[in-house]
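The structure appears right after this line, and notes come after that.
Note on naming: letters A, B, ... go to the chains in the order of the sequence lines (proteins, then strands), and numbering restarts at 1 for each one. Treat the numbers as computed from the prediction; the structure is a model and nothing was measured.
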Protein chains: 2
Amino acid sequence: MSERMIATIDVVLLTIQQQQLSVALARREHEPFTGLDALPGGYIHAETDRDSLDAALRILRRKTGVNPPYLEQLRTFDGCARDPRGWSISIAYFALVNAELLLQAGHPGLSICPVDALRRLPFDHNDIVQAAVERIRNKSQYSSLPCHLAGERFTLPKLQKIYEACLGETLNKVSFRRKMDELGVLEEIAGQTEANGAHRPAQVYRLKAEFANALKLLQRGL
Amino acid sequence: MSERMIATIDVVLLTIQQQQLSVALARREHEPFTGLDALPGGYIHAETDRDSLDAALRILRRKTGVNPPYLEQLRTFDGCARDPRGWSISIAYFALVNAELLLQAGHPGLSICPVDALRRLPFDHNDIVQAAVERIRNKSQYSSLPCHLAGERFTLPKLQKIYEACLGETLNKVSFRRKMDELGVLEEIAGQTEANGAHRPAQVYRLKAEFANALKLLQRGL
DNA sequence: CAAATAGTGTCTTTGAGACATTATTAA
DNA sequence: TTAATAATGTCTCAAAGACACTATTTG
């Protein structure tokens, strides 16, 4: 029946490594392109996955070992030209995780590559990564999205570096702090500071519990 | 083979009727839900559609008779619960068209319903419409998107009403005109005005040719 | 001329960025 | 004390909204 299609999931798992926005790649174990690095992906299992979000979580867990604090659908890539096996549908997802968590999982076959230094990937995976980068650039301008890259505890200077890596530009310190204050998603961990050299230590913050799995938006961007 | 799925397209075709953001519905000709109004949709044809965008255009032409000036992917709705036939994938698209063009096509079985007065639709089509409304609300704040609802020629007061219908709020006239000027997508039709009562007639504008099929974005919203 | 909406000038307020100052630490 | 970064106060400039005024039409 021609209406039945190959349906897969691909996940763009982004993280910050050495102040660079980077993407997790998994060595492919199956044909086609066996042995090459590509986005973590796999088939939807209609018997066990309730929906594609479920499938994306399962695939991420299996291929990267992490349960990301942020996961949303990116968009669907499809057509007759993107897969040598023929007409295919890939529902692409977009996930964020702290780099330490990802390295801690230490999954075999996994690598992390800065998005600006990405080589040619199989299928249309370069297009998918590009769409994810556009999405994070866009949302970083007016939301708390990059906070999910920061891990459990972080200082404002570190968070600003993360925002800057996401946006690909430096930010005004005063404006950045005003915006974080306006967003209202952070809370001070009273009394806890982080020393980082011969100078005043920085206050440590965390995401308020109610925003751990939600985004907060600004009326006006950064 | 369990990885082969039912794959369909659904299109949210939006228009403005009586200053209200409205959605085109088509009477269903096939099971399930035969005879009920639902989003125009159909199967992807792997033999003839190069990709899902192609399929969306074909389906729109067949079910509504129009070739919309704006069409983009919305997102994919999927899972075991949304279709009585079982696990399914619907790649949803989002289209804009001028109401006159749509009525001119006069396609049988087609109706137009304000999104705020929408009754219960089959499948998860209410969710899909809601996602489309969120998308247009969002993009109307900082882009030329609503211009594609305005038809060939229009005055600035009419365009402002269209933006207001999209956003669901009234706008400041001076700010709106400054933003339209800043966008730079409009051109005056020299000498052409439109009278509309016992008062000064309004200048007629059109979209510049280079923006007929493109969006222009603002740094800051309206 | 009166009434109505189109279109524009300008003032006020808000908010973003620049710059400067204070705070706190290690050497 | 010095050097370095954290944190904050404040000034300047740009842009959004409010308001008022002019323009042009019909009755």
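- Nearest approach of B:Arg82 to B:Ile128, heavy atoms of both residues: NH2-CD1, 4.4 Å.
- Residues A:Leu156 and A:Phe176 approach most closely at O-CE2, 3.9 Å, considering heavy atoms.
- At a threshold of 4.0 Å, the pair A:Glu152-A:Arg206 does not count as salt-bridged, since none of the basic side-chain nitrogens sits closer than that to a carboxylate oxygen.
- Residue order along DNA chain C, read from the 5' end via each residue's closest nucleotide, puts B:Pro157 first among B:Pro157 and A:Ala195.
- Atom P of nucleotide D:dA7 and atom CE of A:Met180 are separated by 14 Å, given to the nearest angstrom.
- Ionic pairing of B:Arg153 and B:Glu194 is not present here: no N-O contact between side-chain nitrogen and carboxylate oxygen is shorter than 4.0 angstrom.
- Using a 4.0 Å cut-off between charged nitrogen and carboxylate oxygen, B:Glu182 and B:Lys179 count as a salt-bridge pair.
- Among all heavy-atom pairs drawn from B:Leu21 and B:Ala165, the shortest one is CB-O, 4.1 Å.
- At whole-Å resolution of the value, CD in A:Gln219 and P in D:dA15 are 17 Å apart.
- Under the 30°/60° scheme for interplanar angles, the aromatic rings of A:Tyr70 and A:His148 are found to lie parallel.
- The separation between A:Lys158 atom NZ and D:dT5 atom P is 14 Å, rounded to whole Å.
- Ranked by how close their nearest DNA chain C nucleotide is to the 5' end, B:Thr155 and B:His199 are led by B:His199.
- Heavy-atom distances under 4.0 Å link DNA chain D to A:Lys173, A:Val174, A:Arg177 of residues 167-178 of chain A, given in residue order.
- Under a 4.0 Å N-O distance rule, the pair B:Asp37/B:Arg119 qualifies as a salt bridge.
- Nucleotides of DNA chain C with any atom under 4.0 Å from a heavy atom of chain A span, from 5' to 3', C:dA16 to C:dA26.
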